[in-house]
Amino acid sequence: GRGDLRKLNQDQHLNQQADLLPFNPLYEFPVKKLKILDTLNLALGNGSFGGEVKKGIVKVNRNKIPVVVKRVKNASNQTLKSLISEMKIMIHVGHHVNIVNFLGAVTKNITSREIISVIEFCRHGNVRDFLIKHRAKFNSQDQTSATSKPNFKKQEKLSKSGFSSYDIELESIRYETAVKLSKTDLISWAYQVARGMDHLHSKSLLHSDLAANNVLLCDGNVVKISEFASTINPSLECIKETSITTQSDVHAYGDLKIF
């Protein structure tokens, strides 16, 4: 829909006003450049979603870029509305290196109740599972780490909103087989989450479900907040009835730092 930004109430959270947001047609993506793989059950975060979630490959300037594909077919009104609202919120919030960014969508079959949403792929999954998997390699006494300094410059290229201006190199900094984790990594991740949340709050968006399983780890030791645009999150229903504010996210962030 076209939406109407003039009607946005600056005193209300964006979560409650998704219907007023427009869908930018520049994000419409040619389906012929998207290959959807059979990988299922990707660790995207903790949100609910009434469709398929798969890994995909996008062809851009002779490069093949891994992405996450959310797809609904023969969707119910609620599922269709929820995915459309999620896409519009992600477009409105805009790009930030420490959030999972929206890359594009295929909406040409919307009359058949089918939509494809394409978002960033974070290869290492959520930080909760990552830390559990590599707990034996964590050194609480070590204050240095070869992986602790995030490569924002690389991720800025990989995260550029939309595909129309993609011009990237695919050589990413990757964790070596022998992962080395320290307190410095955790501090770095906490700092990056704070950056991402500051960006979301600057756009009047509440997360309401900030947790370690909704923070994803990318190559280059960059972490990204996920599920911030989900309109299926039951916690969001409380926004209309209670005094949930940005302080709720701040409290969740305090719990998150302990992981």
Side-chain angles (χ1 to χ4, degrees), residues 1 18 21-45 47-76 79-97 99-126 154-172 174 214 216-220 222 224-232:
L21 301 176
F23 178 80
N24 188 336
L26 292 178
Y27 283 87
E28 185 67 27
F29 186 72
V31 69
K32 64 181 181 180
K33 292 187 177 182
L34 174 64
K35 181 179 180 181
I36 301 176
L37 307 178
D38 292 331
T39 306
L40 291 170
N41 300 321
L42 291 173
L44 294 179
S48 301
F49 178 64
E52 298 176 324
V53 180
K54 297 189 176 184
K55 184 177 179 180
I57 297 293
V58 167
K59 296 179 181 179
V60 179
N61 300 330
R62 298 182 180 180
N63 293 322
K64 294 182 179 180
I65 303 169
V67 295
V68 168
V69 176
K70 291 186 174 184
R71 178 170 62 179
V72 295
K73 292 182 178 180
N74 300 316
S76 66
T79 298
L80 203 63
K81 181 180 179 180
S82 295
L83 185 55
I84 292 173
S85 295
E86 178 180 300
M87 294 190 300
K88 293 196 296 184
I89 288 174
M90 293 184 80
I91 291 173
H92 183 78
V93 165
H95 161 78
H96 192 279
V97 70
I99 65 175
V100 173
N101 291 285
F102 179 70
L103 301 177
V106 180
T107 64
K108 67 176 185 178
N109 294 324
I110 191 171
T111 55
S112 301
R113 314 188 74 77
E114 178 181 357
I115 295 181
I116 296 174
S117 173
V118 184
I119 62 176
E120 286 184 304
F121 175 67
C122 299
R123 189 169 69 92
H124 299 285
N126 70 69
K154 176 68 69 176
Q155 279 298 325
E156 286 284 356
K157 290 183 178 181
L158 292 172
S159 303
K160 187 176 293 185
S161 58
F163 286 113
S164 59
S165 58
Y166 250 77
D167 181 19
I168 66 172
E169 298 175 2
L170 293 183
E171 297 79 13
S172 299
R174 298 180 180 271
N214 281 332
L216 307 184
L217 179 61
C218 302
D219 292 326
V222 172
K224 293 175 177 286
I225 301 167
S226 69
E227 299 299 335
F228 57 85
S230 175
T231 57
I232 310 177

Legend entry - Distance, nearest 0.5 Å, that separates CG of N214 from CG of N126: 8.0 Å
Inset, instruction - Please report the closest heavy-atom contact between F23 and E28, naming both atoms and the distance. - result: CE2-OE1, 4.1 Å
Inset, instruction - State, yes or no, whether a side-chain contact exists between K73 and N109 at a heavy-atom distance under 4.5 Å. - result: no
Inset, instruction - With rounding to the nearest 0.5 Å, note down the distance linking CD1 in I225 to NE2 in H96. - result: 8.5 Å
Legend entry - Residue pair L37 / K54: nearest heavy atoms and the distance that separates them: O-CD, 3.2 Å
Legend entry - Steps toward side-chain contact (heavy atoms from CB on, under 4.5 Å) verdict (H92, N24): CA-CA 9 Å; H92 183 78; N24 188 336; over 6 Å; no
Inset, instruction - Identify, with sequence neighbours excluded, every residue that meets side chain to side chain contact (heavy atoms under 4.5 Å, CB included) alongside K33. - result: F29, P30
Legend entry - Qualifying residues under side chain to side chain contact (heavy atoms under 4.5 Å, CB included), relative to I110, sequence neighbours excluded: I84, I115
Inset, instruction - Look at the aromatic rings of Y27 and F102 and report parallel, tilted or perpendicular, splitting at 30° and 60°. - result: tilted
Inset, instruction - Over all heavy atoms of both residues, which pair between I57 and K64 is shortest? Give the atoms and the distance, please. - result: CG2-CB, 3.6 Å
Inset, instruction - Mind listing the closest non-hydrogen atom pair of K70 and E86 along with its distance? - result: NZ-OE2, 2.9 Å
Legend entry - NE2-SG distance between H124 and C218, expressed to the nearest 0.5 angstrom: 8.0 Å
Legend entry - T79 side, atom OG1; N74 side, atom CG - distance, nearest 0.5 Å: 11.5 Å
Legend entry - Side-chain heavy-atom pair V58, L34 within 4.5 angstrom cut-off: yes
Legend entry - Closest non-hydrogen atom pair, P66 against F121: O-CB, 3.5 Å
Legend entry - Distance (rounded to the nearest 0.5 Å) between R123 CZ and L217 CG: 9.0 Å
Inset, instruction - Any chance you could measure E227, atom CD, to L216, atom CG, to the nearest 0.5 Å? - result: 8.0 Å
Inset, instruction - Look at the side chain of E120 and the backbone N and O of L103, then say whether any donor-acceptor pair between them is shorter than 3.5 Å. - result: no
Inset, instruction - Measure the shortest side-chain to side-chain distance between R113 and V72 over non-hydrogen atoms and say whether it is less than 4.5 angstrom. - result: no
Legend entry - I116 vs I36 side-chain heavy atoms within contact, under 4.5 Å: yes
Legend entry - Considering all heavy atoms, the nearest N101-G94 contact: OD1-O, 3.7 Å
